[in-house]
Number of protein chains: 2
Amino acid sequence: MSLDTSQWNPYDRNCPSRRLLDRIGDRWTVLIIGALSDGPHRFKTITERVDGISQKMLTQTLRGLERDGLVKRTVYPVVPPRVEYELTAAGRSLCKPLAALEEWAKEHMSGVLAARETYDATTVGADA
Amino acid sequence: MSLDTSQWNPYDRNCPSRRLLDRIGDRWTVLIIGALSDGPHRFKTITERVDGISQKMLTQTLRGLERDGLVKRTVYPVVPPRVEYELTAAGRSLCKPLAALEEWAKEHMSGVLAARETYDATTVGADA
DNA sequence: TGCGTCAGTCACCAATAGTAAGTGATGTGA
DNA sequence: TCACATCACTTACTATTGGTGACTGACGCA
């Protein structure tokens, strides 16, 4: 496993790491990885856990994650179909940073809400 | 500052924390916060640091960040205009989780690239 | 007089995401 | 026996977002 990270620069639009960052910083990816962090789950379970995700986006995001080697897809040839998704080692290593993001969001929620009210009040005041 | 984070659940689409997570997990936000992490910068400097961002998206993202109280905007009434953007305390607290994400992306880049090749090879093989 | 600077805005088009309906194989109940 | 539900998807269509490039305003400078 290469630990020479100096060759990648996400601030450069042509660097592959930029695209990777786009992907993992994606709204659904954060939630899907979180939903899978406690073990394998079926497609349907994930749609239930991640409120509001469409089947299309779930399929799409899961495919990307699978392609990137972060999620493993297992199909059981039964009817009705049973497909399980599970984080790989690389996927699990992403849990901590994403959980930190989730934590941050929860911790700062009230502060942000307050900031918004202030901002909106002053902005509207400036308009009038 | 409220530390009761139990009331927020980003997995619920109606929870404000979900929108906050969408926002901070946004492709430009990650990069902009990173670009501001070493101190205040002007609009133009940020466009240069964050390769490929359009003025429109920079303005838009910065406005959102300002509204959320993560970035402070200072206008110097000179010609040509001089506007500086700076992280607030809340904004700085976001640096660490986002830097962790950036680090993760750089560390796992080569593994992901390899996984993609494998995936694409097997998928194309299955098509043929 | 006219060009350059900076921090935007605006109008327009392309790409992406969301919605809702359809599919295929099969077990179950009426 | 025959329609219905289940599950994991596709597909077609629409709405929302994002990107592009031109334009603005105030002034210094040649």
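Heavy atoms only: backbone and side chains are in, while hydrogens, waters and symmetry mates are out. Within every chain, numbering begins at 1; the chains are lettered A, B, ... in the order of the sequence lines, protein sequences first and strands thereafter.
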**OP:** Take the protein atom CZ of A/Arg23 and the nucleotide atom C1' of C/dT16, then report the distance between them rounded to whole Å.
**Re:** 14 Å

Subject >> Length of the line joining A/Lys56:NZ and C/dA20:C1', which is rounded to integer Å >> reply: 11 Å

Original post:
Between A/Arg13 and A/Gln55, which is nearer to the 5' end of DNA chain D once each is assigned its nearest nucleotide?
Top reply: A/Gln55

Subject >> Non-hydrogen atoms of B/Thr74 and B/Lys72 that approach each other most closely >> reply: OG1-NZ, 3.4 Å

Original post:
A/Val83, A/Val79: one ILVMFWY side-chain cluster at the under-4.5 Å cut-off?
Top reply: no

Original post:
A/Arg18: what forms a salt bridge (charged side-chain N to carboxylate O under 4.0 Å, His left out) with it, not counting sequence neighbours?
Top reply: none

Original post:
Between B/Thr47 and B/Ile53, which heavy-atom pair has the shortest distance, and what is it?
Top reply: CA-CG2, 4.0 Å

**OP:** Compare every heavy atom of B/Ile33 with every heavy atom of B/Cys95, then report the nearest pair and how far apart it is.
**Re:** SG-CG2, 4.1 Å

Original post:
5' to 3' on DNA chain D, which nucleotides open and close the contacts with chain B (atom under 4.0 Å from a heavy atom)?
Top reply: D/dG18 to D/dC27

Original post:
Shortest non-hydrogen contact from A/Leu21 to B/Leu101?
Top reply: CD1-O, 4.0 Å

**OP:** Write down the distance between CE (A/Met57) and P (C/dA20), rounded to a whole number of angstrom.
**Re:** 16 Å

**OP:** Determine, for nucleotides 24-30 of chain C in 5'-to-3' order, which nucleotides have protein heavy atoms under 4.0 Å from the base (write B), from only the sugar-phosphate (write S), or from neither (write -).
**Re:** BBS----

Subject >> Residue list, side chain to side chain donor-acceptor pair (under 3.5 Å) with A/Trp28, at least two apart or on another chain >> reply: none

Subject >> Net bend of the helix from C/dT1-D/dA30 to C/dA30-D/dT1, end axes of five pairs each, nearest 10 degrees >> reply: 30°

Original post:
Does the side chain of B/Arg63 get closer than 4.0 angstrom to OP1 or OP2 of C/dA7 through an N or O atom?
Top reply: no

Original post:
Which ILVMFWY residues are connected to B/Tyr76, directly or by a chain of links, through side-chain heavy atoms under 4.5 Å apart?
Top reply: B/Val78

Original post:
What's the CD-P distance between B/Glu84 and C/dC6, to the nearest Å?
Top reply: 13 Å

Subject >> d(CG, B/Asp22; C1', C/dT16) in whole Å >> reply: 15 Å

**OP:** Could you pull out all residues at least two apart from B/Arg49 that satisfy side chain to side chain donor-acceptor pair (under 3.5 Å)?
**Re:** B/Asp38

**OP:** Please list, chain by chain and in numerical order, all residues satisfying salt bridge (charged side-chain N to carboxylate O under 4.0 Å, His left out) with A/Arg19, sequence neighbours excluded.
**Re:** none

With a 3.5 Å cut-off and sequence neighbours excluded, list the donor-acceptor pairs that the side chains of residues 9-16 of chain A form with protein atoms.
unit_1  : atom_1 : unit_2   : atom_2 : d
A/Asn9  : OD1    : A/Tyr11  : N      : 3.0
A/Tyr11 : OH     : B/Glu102 : OE1    : 3.1
A/Asp12 : OD1    : A/Asn14  : N      : 2.9

Original post:
Hey, does A/Tyr85 reach any base, or is it just sugar-phosphate, or nothing, if we go heavy atoms under 4.0 Å?
Top reply: sugar-phosphate

Subject >> Counterpart residues, salt bridge (charged side-chain N to carboxylate O under 4.0 Å, His left out), relative to A/Arg116 (two or more places apart) >> reply: B/Asp68

Subject >> Protein-nucleotide distance (B/Arg82, atom CZ; C/dG8, atom C1'), rounded to Å >> reply: 16 Å

Original post:
Rounded to whole angstroms, how far apart are CG on A/Asp26 and P on C/dA17?
Top reply: 7 Å

Original post:
Does anything in residues 36-52 of chain B reach DNA chain C, meaning a heavy atom under 4.0 Å, and if so which residues?
Top reply: B/Arg42, B/Phe43, B/Lys44

Subject >> Pairing residues for A/Glu48 by the side chain to side chain donor-acceptor pair (under 3.5 Å) criterion, not counting sequence neighbours >> reply: A/Lys44

Subject >> Candidate pair A/Leu87 and A/Val71, rule side chain to side chain contact (heavy atoms under 4.5 Å, CB included), full reasoning >> reply: CA-CA 4 Å; A/Leu87 294 179; A/Val71 159; 3.9 Å; yes

